[in-house]
Enquirer: 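What follows is a single structure, and I will ask about it in a moment.
Quick caveat, the model's predicted, so the values are computed rather than measured.
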Amino acid sequence: MTDFSRSMFQALFAYLIWGCFALFFHQLQHIPPVEVLLHRLVWTSVFVAIVLTLSRRWSNVRDALGKPKLVLQLFASSLLIATNWIVYIWSVGIGDAVGASLGYFISPLVGIALGVWVLKERILPYQAIALSLAVVGVSYKVFGANQVPWASLALAFSFGLYGLIRKQTAVDTVTGLMIESLLLLPFALGYWLWIAWNGEQHFSLSIDGLLLVSAGILTALPLLAYAAAARHLSLVILGFMLYLAPSLQLITGVFILGEPFDIHQQITFSFIFAGLIVLTGGAMLRQYKVGS
């Protein structure tokens with residue numbers, strides 16, 4: 001198997017897992033979202049710690065922990081990704097996987113907006129058109145459908161801000177994920193002890209317990225696969241595949257979980273899809289011109 005084929009398989013593996021998250025977390029909707037989050041943090045920490053031990057890369061973590069500015073950046077990113085996770089878990093739990101998928105469709109466009117606003121990056125014409133279409137789509141949701149998609153926007157902006165911070169941190173994916181998990185681990189363990197003391201926890205030697213442990217493993221595995229794939233795949237290919245996960249989440253929400261997909265949602269998604277088509281097409285055309 002060539003490096004390209006292996007990387008494509010790794011990327012597909014990652015996006016397929018992310019795409020099936022709605023179906024997975026739907027099985028945990030009877031458990032409070034904060035409790036699901038704490039187990040996601042705890043078991044992600046355990047799994048990544050095993051990976052670091054087997055690969056003998058704990059020195060990377062020690063080196064990173066010796067840099068206060070880096071630790072502060074990773075603490076901020078850990079709060080953002082935890083916010084993203086709990087909003088997603090809550091959304092699926094209340095039967096709004098469709099709204100959650102909208103958030104992840106919007107997030108690449110939010111990332112561009114943040115890059116222009118915060119990093120002072122130059123916005124290209126096709127990016128401006130894509131952003132405008134997304135703004136129209138969200139505006140229709142707010143004014144035309146009389147609904148503010150708070151969860152979708154929270155997912156998009158928390159993930160966009162997370163990407164912005166991680167873009168500026170000089171740390172690899174595994175080390176960064178380990179430190180982010182370690183920084184939040186005391187809070188997770190403290191809450192676990194609290195609900196256990198009050199007899200309110202759902203963790204046991206049961207299907208629920210297995211699913212809660214799996215939440216951590218399924219958090220780390222796609223990230224590791226994606227990090228490996230990114231070394232050999234172009235940003236255009238990865239950018240195009242980025243839409244696979246929210247597309248699968250949308251399909252899962254509508255056709256498997258039976259969530260409504262009314263005309264207002266169809267119009268909103270149409271504008272977002274149009275923006276993403278412009279974004280992807282523009283990026284591919286620019287890459288072609290640079291390469292030729």
Side-chain angles (χ1 to χ4, degrees), residues 6 10-11 13-18 20-21 24-25 27-28 31 33-86 88-89 158-159 162-163 165-197 201-231:
R6 185 183 301 108
Q10 290 166 333
F13 173 77
Y15 285 120
L16 285 173
I17 289 181
W18 286 326
C20 292
F21 266 3
F24 176 81
F25 285 107
Q27 308 307 311
L28 294 169
I31 299 177
V34 178
E35 186 176 355
V36 177
L37 175 65
L38 88 81
H39 283 286
R40 195 172 181 182
L41 287 166
V42 169
W43 300 112
T44 295
S45 301
V46 172
F47 183 78
V48 177
I50 293 171
V51 171
L52 286 169
T53 300
L54 293 176
S55 59
R56 299 180 180 180
R57 293 167 61 185
W58 277 104
S59 58
N60 293 348
V61 176
R62 288 194 296 271
D63 292 342
L65 287 173
K67 301 173 182 177
K69 181 182 177 181
L70 179 60
V71 173
L72 187 60
Q73 288 175 316
L74 289 173
F75 182 63
S77 65
S78 69
L79 293 176
L80 285 166
I81 200 61
T83 300
N84 186 272
W85 288 352
I86 196 166
Y88 183 80
I89 294 166
S158 60
F159 198 70
Y162 175 78
I165 292 175
R166 286 303 302 268
K167 184 178 181 180
Q168 301 176 79
T169 54
V171 65
D172 64 88
T173 301
V174 182
T175 302
L177 181 59
M178 184 74 254
I179 294 175
E180 286 173 339
S181 301
L182 287 174
L183 289 170
L184 295 181
L185 194 57
F187 302 101
L189 292 175
Y191 183 70
W192 193 357
L193 287 173
W194 172 260
I195 60 175
W197 177 267
Q201 73 158 341
H202 292 79
F203 185 77
S204 62
L205 295 177
S206 63
I207 294 298
D208 281 349
L210 179 61
L211 289 173
L212 289 170
V213 173
S214 299
I217 297 172
L218 291 176
T219 295
L221 268 180
L223 284 170
L224 298 176
Y226 178 84
R231 299 191 194 105

Enquirer: Looking only at heavy atoms, which two atoms of Thr53 and Trp58 are closest? And how far apart?
Expert: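 Smallest interatomic distance, heavy atoms only, reads OG1-NE1, 2.9 Å.
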Enquirer: Under the side-chain contact (heavy atoms from CB on, under 4.5 Å) test against Ile31, which residue among Ile89, Leu212, Leu211 passes?
Expert: Leu212
Enquirer: Side chains of Ile195 and Leu38: closer than 4.5 Å at any heavy-atom pair?
Expert: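 Ile195 vs Leu38: side chains touch.
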Enquirer: Could you go step by step and tell me if Leu37 and Tyr191 meet the side chain to side chain contact (heavy atoms under 4.5 Å, CB included) rule?
Expert: CA-CA 11 Å; Leu37 175 65; Tyr191 183 70; over 6 Å; no
Enquirer: In terms of ring plane angle, is the pair Tyr226 and Tyr15 parallel, tilted or perpendicular, where the classes change at 30° and 60°?
Expert: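 Perpendicular.
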Enquirer: Quick one: CG on Leu70 to CZ on Phe75, what's the gap to the nearest 0.5 Å?
Expert: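 Answer rounded to 0.5 Å: 14.0 Å.
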Enquirer: For Phe47 and Leu221, run side chain to side chain contact (heavy atoms under 4.5 Å, CB included): C-alpha distance rounded to whole Å, both residues' side-chain angles, the deciding distance at 0.1 Å, then the answer.
Expert: CA-CA 9 Å; Phe47 183 78; Leu221 268 180; 3.8 Å; yes
Enquirer: Should we count CG of Leu205 as having more than 12 external heavy atoms under 6.0 Å?
Expert: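 No, the 6.0 Å shell around CG holds no more than 12 heavy atoms from other groups.
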Enquirer: Can you name the closest pair of heavy atoms from Val48 and Ala220 and give their distance?
Expert: CG2-CB, 3.9 Å
Enquirer: Apply side chain to side chain contact (heavy atoms under 4.5 Å, CB included) to Phe159 and Ile81, showing your working.
Expert: CA-CA 7 Å; Phe159 198 70; Ile81 200 61; 4.3 Å; yes
Enquirer: Would you check if Leu41 and Trp85 make a side-chain contact, meaning some heavy-atom pair closer than 4.5 Å?
Expert: yes
Enquirer: Can you name the closest pair of heavy atoms from Thr83 and Ser158 and give their distance?
Expert: CG2-CB, 4.5 Å
Enquirer: Any chance you could measure Glu180, atom CD, to Thr173, atom OG1, to the nearest 0.5 Å?
Expert: 9.5 Å
Enquirer: Mind checking the CZ-CG spacing from Arg166 to Leu74? Nearest 0.5 Å is all I need.
Expert: 6.0 Å
Enquirer: So which atom in His202 and which in Glu35 form the shortest heavy-atom distance, rounded to 0.1 Å?
Expert: N-OE2, 2.6 Å
Enquirer: Is any side-chain heavy atom of Val61 closer than 4.5 Å to a side-chain heavy atom of Leu65?
Expert: yes
Enquirer: Can you confirm whether Lys67 sits close enough to Val171 that some side-chain heavy atom of one is under 4.5 Å from a side-chain heavy atom of the other?
Expert: no
Enquirer: Closest heavy-atom contact between Tyr162 and Ser77?
Expert: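 That would be CD1-O, 3.2 Å.
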Enquirer: For the atom pair CD1 (Ile179) and OG (Ser45), what is the distance rounded to the nearest 0.5 Å?
Expert: 11.5 Å
Enquirer: Check the orientation of His39 and Phe203. Use parallel for under 30°, tilted for 30 to 60°, and perpendicular for over 60°.
Expert: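 It falls in the parallel class, under 30°.
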Enquirer: Dump the intermediate steps for side chain to side chain contact (heavy atoms under 4.5 Å, CB included) on Leu218 and Phe21, then the final yes or no.
Expert: CA-CA 9 Å; Leu218 291 176; Phe21 266 3; 4.0 Å; yes
Enquirer: Please report the closest heavy-atom contact between Ala225 and Phe13, naming both atoms and the distance.
Expert: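 Looking at all heavy atoms of both residues, the shortest contact is CB-CD2, 3.7 Å.
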Enquirer: Nearest 0.5 Å, what's the CG-OG distance between Leu183 and Ser78?
Expert: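 These two atoms lie 5.5 Å from each other.
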Enquirer: Drop me the distance from Arg62's CZ to Thr175's OG1, to the nearest 0.5 angstrom.
Expert: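 Answer rounded to 0.5 Å: 11.0 Å.
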